[in-house]
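Beneath this line is the structure, given in structure tokens, with notes to follow.
Order of the sequence lines fixes the chain letters, A, B, ..., with proteins taken first and strands second; residue numbering starts at 1 for each chain.
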Protein chains: 2
Amino acid sequence: MSSVATQDRNIASTFAKGMAVLAAFDGSHETLSLADLARATGQDRATARRGVLTLVQLGYLHQNDRRFRLTPKVLSLAGGFLQANAFGRQVQPVLNYHAAMLGADITLALRDGENVLLLAQSTVRDGPVSYGFTLGSRLPLLHTSLGRMLLACEPESLMQELVTRAPLPRHTERALENRADIAQAIGTARISGSCVTDGEFETGIAGLAVPVSRPGERAAVVGASFPSGSGPHDARLQRLHLCAADLRQNQALEKL
Amino acid sequence: MSSVATQDRNIASTFAKGMAVLAAFDGSHETLSLADLARATGQDRATARRGVLTLVQLGYLHQNDRRFRLTPKVLSLAGGFLQANAFGRQVQPVLNYHAAMLGADITLALRDGENVLLLAQSTVRDGPVSYGFTLGSRLPLLHTSLGRMLLACEPESLMQELVTRAPLPRHTERALENRADIAQAIGTARISGSCVTDGEFETGIAGLAVPVSRPGERAAVVGASFPSGSGPHDARLQRLHLCAADLRQNQALEKL
DNA sequence: ACACAATGTGCGCAATACGAACGATAAGTC
DNA sequence: GACTTATCGTTCGTATTGCGCACATTGTGT
């Protein structure tokens, strides 16, 4: 075992390793093997194995031959957060109302490290875009309107650091490749108070995002998506601003 | 430490204890203290403390003075499940379509131990009932239509065991108090292929549920709620059956 | 069928984590 | 406000838990 002299005795390293195993089930694969998990977490296979078998015993994973998958029980961990923060009463109805008025899905998002984390969404019947992301999904920070609007809400120094450090995979032909260009787009979003991207994350899809959080609060944004060229964005952005204003007014996100 | 002779060396007990700490944040309180967690988990306060501080370091909990709350990061654990099982593409659109046709929220649920676990829902704008539960919420098994329908889908012996063992708190004046009466209602649901309750979990609210799963599969149901006495249920149950048929057809739930 | 690569598992050993005891804080009483 | 008691949070000695190496087993390529 690592004999780091400044080992923090307040931290249970076995628990931290186990959580890394759980987090490795990030949705990018339906199932994972012990060896997959050892690679994903950097742990010895024996260590990853104990983590996985513990999760199976607790009911969070199901084992099928030599592969493991998450069970629905992990949803109850999210349920604790959603219930404690009254998302069902305070957030979802606001998103539903404005999504119905907009005629498109609306998504609420925060930043989690170098990713966008989706917290809630209202998905409408027969919306113009349905890209399959859900509550809990992670999206890239640099090529989505949600991500750029989140960065626009952060202090300049943190924004610059994240633009420099966050991954920059090229999702589409139209994706900006130059970090300086992305920083400039973020600066524009900061000034205009909204962000629009077009076809940088998914081809043929325009993304719109506006801030929900007030300055000094943890950055939160709402956004929507439309087919590229499917109409002017002014009224749509206005609708997103109204949604953000309602979320601020019912103070649903103050404790995030 | 417990010196259980048959300690399973494949299980990391420290990780299991840590997961019990995480699961203690079940949404029933906005924040919990160390002492709260020690009581909820049955652990020594020092043990619970290491669990909590580990979760803070990993970003799943936020500490404010002597109290702790879940952060949105726990949603990413759920996101792994939802993404891996394509809920955004395969489940949500079906629920959205049928909820729009029904004019009311539709919820998909499974059983998790002695509770109902909500897996997904489509919530409509201005639906007749909005009780604030979300994905990941737990509901009682014995007094909800979802719970009774789930029990109706289980083998007789398991159903009898759960009816005997599951908690029987009295949520409303109309709640059945006699376990034999509940078993009989479940038997009726099994025969008729649907379940209706009225005001047993929330006063003035009728619940409807029908099975999604096929015999031999893990029990799953869909349900909706309406104000008591707000109209006949036949057409509504029909709509729920159509929803269940669509979910079966796209095979979204086969791997749960 | 064989060789090699990859993966899964057992168990010796020591690092990690438990929890008793003590310190700190909160609550109740006068 | 002072004092007592109860409750909660933290430290650190000790031993139990869990790490990871080496071996066993399984999978893959020729």
Partner residues of Glu161(B) under the side-chain hydrogen bond (donor to acceptor under 3.5 Å, both in side chains) criterion, sequence neighbours left out: Arg165(B)
Quick one: side-chain hydrogen bond (donor to acceptor under 3.5 Å, both in side chains) partners of Arg39(A), sequence neighbours excluded? Asp36(A)
Please state how far atom [atom1] in [X] lies from atom [atom2] in [N], giving the value in whole angstrom units.
X	N	atom1	atom2	result
Phe15(A)	dT17(D)	CZ	C1'	16 Å
Arg67(A)	dA6(C)	CZ	P	16 Å
Arg49(B)	dA20(C)	CZ	C1'	15 Å
Leu53(B)	dT16(C)	CG	C1'	16 Å
Asn10(B)	dG18(D)	CG	P	12 Å
Ile11(B)	dG18(D)	CD1	P	10 Å
Arg50(A)	dC19(D)	CZ	P	4 Å

Can you name the residues that form a ring-ring contact (aromatic ring centres under 6.0 Å, His included) with Phe81(A), not counting sequence neighbours?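 ring-ring contact (aromatic ring centres under 6.0 Å, His included) check on Phe81(A) returns Phe87(A).
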Short question: side chain of [X], backbone of [Y] - any donor-acceptor pair under 3.5 Å?
X	Y	value
Asn250(A)	Gln90(A)	yes
Gln57(A)	Ile11(B)	no
Gln63(A)	Asp65(A)	yes
Glu254(A)	Arg248(A)	no

On DNA chain C, check which nucleotide each of Asp44(A) and Thr14(B) is closest to and give me the residue with the more 5' one. Asp44(A)
With no angle test and no hydrogens, is the base of dG18(D) tied to the side chain of Arg9(B) by a donor-acceptor pair under 3.5 Å? yes
Does the side chain of Ser13(A) get closer than 4.0 angstrom to OP1 or OP2 of dT16(C) through an N or O atom?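 Answer is no, no contact under 4.0 Å.
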Leu135(B): which of Leu119(B), Thr107(B), Leu117(B), Leu82(B) passes side chain to side chain contact (heavy atoms under 4.5 Å, CB included):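 The option that passes is Leu82(B).
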Between N or O atoms, less than 3.5 Å apart, protein on one side and nucleotides 23-25 of chain D on the other: list the pairs.
none

Which residues in residues 19-43 of chain B have at least one heavy atom lying under 4.0 Å from any atom of DNA chain C?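 Those residues whose heavy atoms fall under 4.0 Å from DNA chain C, taken from residues 19-43 of chain B, amount to none.
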Using a heavy-atom cut-off of 4.0 Å across all strands, would you classify Ala46(A) as base, sugar-phosphate, or nothing? base
Which pairs pass ring-ring contact (aromatic ring centres under 6.0 Å, His included) with one or both residues in residues 10-49 of chain A, sequence neighbours excluded?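 Every pair satisfying ring-ring contact (aromatic ring centres under 6.0 Å, His included) with a residue in residues 10-49 of chain A: there are none.
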